[in-house]
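Below is one structure, written out as structure tokens; the observations come after it.
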2 protein chains.
Amino acid sequence: MQYPPGCAFLDGQFCAIEDAKISVLDWGFLRSDATYDVVHVWKGRFFRLDRHLDRFFASAEKLRMTIPYSKEEVAGILAECVRRAGFEAAFVEMIMTRGVSPTFSRDPRDAINRFIAFVVPFGWILKPEERDKGLSVAIAETHRISPLSVDPTVKNYHWLDLVQGLFEAYERGARTVILPDGAGNITEGPGFNLFVVKDGRVATPDSGVLHGITRLSALELLTESGLEAVARPVSLAEVKAADELFATSTAGGVMPVTSLDGITVGNGRPGPVTSRLIDIYWDAHTRPDWTVAVRDIPAIETAE
Amino acid sequence: MQYPPGCAFLDGQFCAIEDAKISVLDWGFLRSDATYDVVHVWKGRFFRLDRHLDRFFASAEKLRMTIPYSKEEVAGILAECVRRAGFEAAFVEMIMTRGVSPTFSRDPRDAINRFIAFVVPFGWILKPEERDKGLSVAIAETHRISPLSVDPTVKNYHWLDLVQGLFEAYERGARTVILPDGAGNITEGPGFNLFVVKDGRVATPDSGVLHGITRLSALELLTESGLEAVARPVSLAEVKAADELFATSTAGGVMPVTSLDGITVGNGRPGPVTSRLIDIYWDAHTRPDWTVAVRDIPAIETAE
């Protein structure tokens, strides 16, 4: 197996990325009983780390897991991972798994929860040099897992629906996919939220989706720039009739969608709202209220 | 972390159970993009190994994964794991994960799929000495993940709905849980199928559930014994009005359910159909058409 450069932290210790392994018995694997978050570092600064930490801690609480560190300690671990990896731009993932019951019972209350973190190079769903071309997207037949089954605001690894959707997209010549909810609305794609722009107004689905931090940033930046940008149900018909479509993700920021089910969106180039948002999103990476320098976060005593 | 006794096989080699670890970067973990099967060994014999292998290979094909061994080779690996563990009764798990893309792309087609197997001691949802007491079960508010999102006949690790259901059950004083489908029918519980008995007729849900091998065995054994036993939609109302309820799982076989949402089922003791089925299920563990001795399966050259 090939490993990217990086650094990891598990069992209370920093380690090489190729040594970041979990037991196949961990319920984080055997039951996908886990939650996670991914924050990015850009030009040496974490982007909205506080928001990611808030969501991660809220997710763990909803799953009734106990994170063995404070938010400040987790920030210290993540920053130290980035420093050890030596990256100026990075993906920084924090994970809680249910762990295993020491008595090998089947009861999740008996498990000792586990914290893991790792850092790998920054990754893109759509590379900056491909932005003008944009993403081609298919709408899948496969439905996104319902919030009545799994709370999508708890960031989770239940991706078989998204992976099945990806295979559908590939067969139809598209690069990625959006899943419907089964009630006439769209939800999200593999690792991204979707936005529609119509007559200068912007909307993104309000339920059945991860409340992405890039989604939040897009809503806030659009509102700050004087546009109407809201979270509400978004129908399949609206997506098909949109002037512009764009995706948001930590893995690449704001990404134009220029083709939907083989039909050109707008004029097939990134629209004015999308293009403007891409600029202000990347400009926001120096905002003092949204970013913090990796070097300014102290290392923490983590010996357990 | 505590490890049970056992044996494992990964990366083409047998290893100790505590060394059976996967990279946190494997999409089998990061996307729960994996399928698995669990066959049991009882008194030195695999139970319906052919059926488990058929389902495992079918599941991998549906997920578009390539198992790097033939069914005969997998059987040889599993048997050798059991022999090395030295168990007469065992849980034997075979797993395919998507793996990772060697180029670190996000495309599942680029990934190198991985085969893993491990053997641990036989485990019970309900121990034999607890059979007279039976299981207390709650019906969850949480819905089982829809087959329109994830194909439940592909045995998978998407368990967050089941785990949430377990926590609901614990709060209501029940030991385990059954999830509804959101359309008035019941589906399954964490690791088991459910059967209802009414006026001597037996039914189990036909869709939205794993097609369990113990479920199949129960249907076949009941039919052989002259009872009507069918797979069809089973409503919540039917479950509440049942004369008998029982659960089926590799993890314990046929298990009486004696309490549902705090209300006694029948007279609170295992009913006649359930009790009879328990006997014939365990008797079937010497059937030559359903079982094979571990010692009779040759070891296979597995060096890759």
Side-chain angles (χ1 to χ4, degrees), chain A residues 1-4 8 10 17-18 20-25 27-34 63-64 93 95 98-100 102-104 106-109 112 114 116 118 120-121 123 125 142-146 148-151 154 156-164 166-167 170 182 190-191 251, chain B residues 1-4 8 10 17-18 20-25 27-34 63-64 93 95 98-100 102-104 106-109 112 114 116 118 120-121 123 125 142-146 148-151 154 156-164 166-167 170 182 190-191 251:
Chain A
M1 181 168 157
Q2 304 283 319
Y3 294 92
L10 78 168
I17 193 83
E18 51 266 44
K21 295 182 176 182
I22 63 165
S23 169
V24 295
L25 302 180
W27 283 329
F29 175 59
L30 288 187
R31 296 180 174 182
S32 197
D33 192 356
L63 294 186
R64 308 185 203 205
E93 184 149 342
I95 303 168
R98 184 71 64 189
V100 187
T103 62
F104 315 117
R106 300 173 63 91
D107 187 333
R109 294 171 299 182
I112 297 170
R114 295 166 68 83
I116 304 165
F118 67 83
V120 289
I125 292 176
T142 305
H143 296 177
R144 185 70 178 113
I145 292 171
S146 165
L148 298 173
S149 296
V150 178
D151 181 350
V154 175
N156 66 74
Y157 292 132
H158 284 34
W159 267 50
L160 279 177
D161 54 342
L162 296 164
V163 172
Q164 174 61 26
L166 275 177
F167 282 112
Y170 298 150
Chain B
M1 179 167 159
Q2 304 282 321
Y3 294 93
L10 79 168
I17 193 84
E18 51 265 44
K21 295 182 177 182
I22 62 165
S23 170
V24 295
L25 301 180
W27 283 327
F29 176 59
L30 289 187
R31 295 180 174 182
S32 196
D33 193 356
L63 294 186
R64 309 185 202 208
E93 185 151 340
I95 304 168
R98 184 71 63 189
V100 187
T103 63
F104 314 117
R106 299 173 63 91
D107 188 333
R109 293 171 299 182
I112 297 170
R114 294 164 69 82
I116 303 165
F118 66 83
V120 290
I125 292 176
T142 305
H143 296 178
R144 185 70 178 114
I145 292 171
S146 165
L148 298 172
S149 295
V150 177
D151 181 351
V154 175
N156 67 74
Y157 293 131
H158 284 35
W159 267 50
L160 279 177
D161 53 342
L162 297 164
V163 173
Q164 174 62 27
L166 275 177
F167 282 113
Y170 298 149

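Since we're looking at a predicted model, the values are computed, not measured. Chain A is the first sequence line, chain B the second, and so forth, proteins listed ahead of strands; every chain is numbered from 1.
For A/Asp107, the parts lying under 4.5 angstrom from a heavy atom of chain B are both the backbone and the side chain. Both the backbone and the side chain of B/Val24 come within less than 4.5 Å of a heavy atom of chain A. Contact of B/Phe104 with chain A is made through the side chain alone, with heavy-atom distances under 4.5 Å. With a threshold of 4.5 angstrom between heavy atoms, B/Ile125 approaches chain A through its backbone and through its side chain. Neither the backbone nor the side chain of B/Pro121 comes within less than 4.5 Å of any heavy atom in chain A. Proximity to chain A is absent for every atom of B/Val154, based on heavy atoms less than 4.5 angstrom apart. Proximity to chain A (any heavy atom under 4.5 Å) is shown, for B/Ile112, by neither the backbone nor the side chain. At a 4.5 Å heavy-atom cutoff, the contact between B/Leu148 and chain A is made by backbone and side-chain atoms alike. No part of B/Glu18 comes within reach of chain A, as not one of its non-hydrogen atoms sits under 4.5 angstrom from that chain. Proximity to chain A (any heavy atom under 4.5 Å) is shown, for B/Ala8, by neither the backbone nor the side chain.
The two residues B/Phe167 and A/Arg98 come nearest to each other via the heavy atoms CE1-NH2, 3.7 Å. Contact detail for A/Gly191 and B/Arg106: the closest heavy-atom pair is CA-NH2, 4.2 Å. The two residues B/Pro108 and A/Tyr170 have their closest heavy-atom pair at CD-OH, 3.4 Å. The two residues B/Leu30 and A/Tyr157 have their closest heavy-atom pair at O-CD2, 2.7 Å.
Contact count versus chain B (heavy atoms, under 4.5 Å) is highest, among A/Leu160, A/Leu25, A/Leu162, A/Asp161, for A/Leu160. Each of A/Ile95, A/Thr142, A/Val150, A/Ile145 has some count of heavy-atom pairs under 4.5 Å with chain B, and the biggest count is that of A/Ile145. Ranking A/Arg64, A/Gln2, A/Arg114 against chain B, the residue ahead of the rest is A/Arg64, based on heavy-atom pairs under 4.5 Å.
Between A/Val120 and A/Glu93, the closest side-chain pair of non-hydrogen atoms is not below 4.5 Å. Side-chain contact check for A/Asp151 versus B/Gln164: every heavy-atom pair is 4.5 Å or farther apart.
Separation of atoms CD1 (A/Ile22) and CZ (B/Phe29) is listed at 4.0 Å; rounding is to 0.5 Å. Note that OG of B/Ser23 and CE of A/Met1 are 3.5 Å apart. Values are rounded to the nearest 0.5 Å.
Between the side chain of B/Ser149 and the backbone N or O of A/Arg144 there is at least one donor-acceptor pair closer than 3.5 Å.
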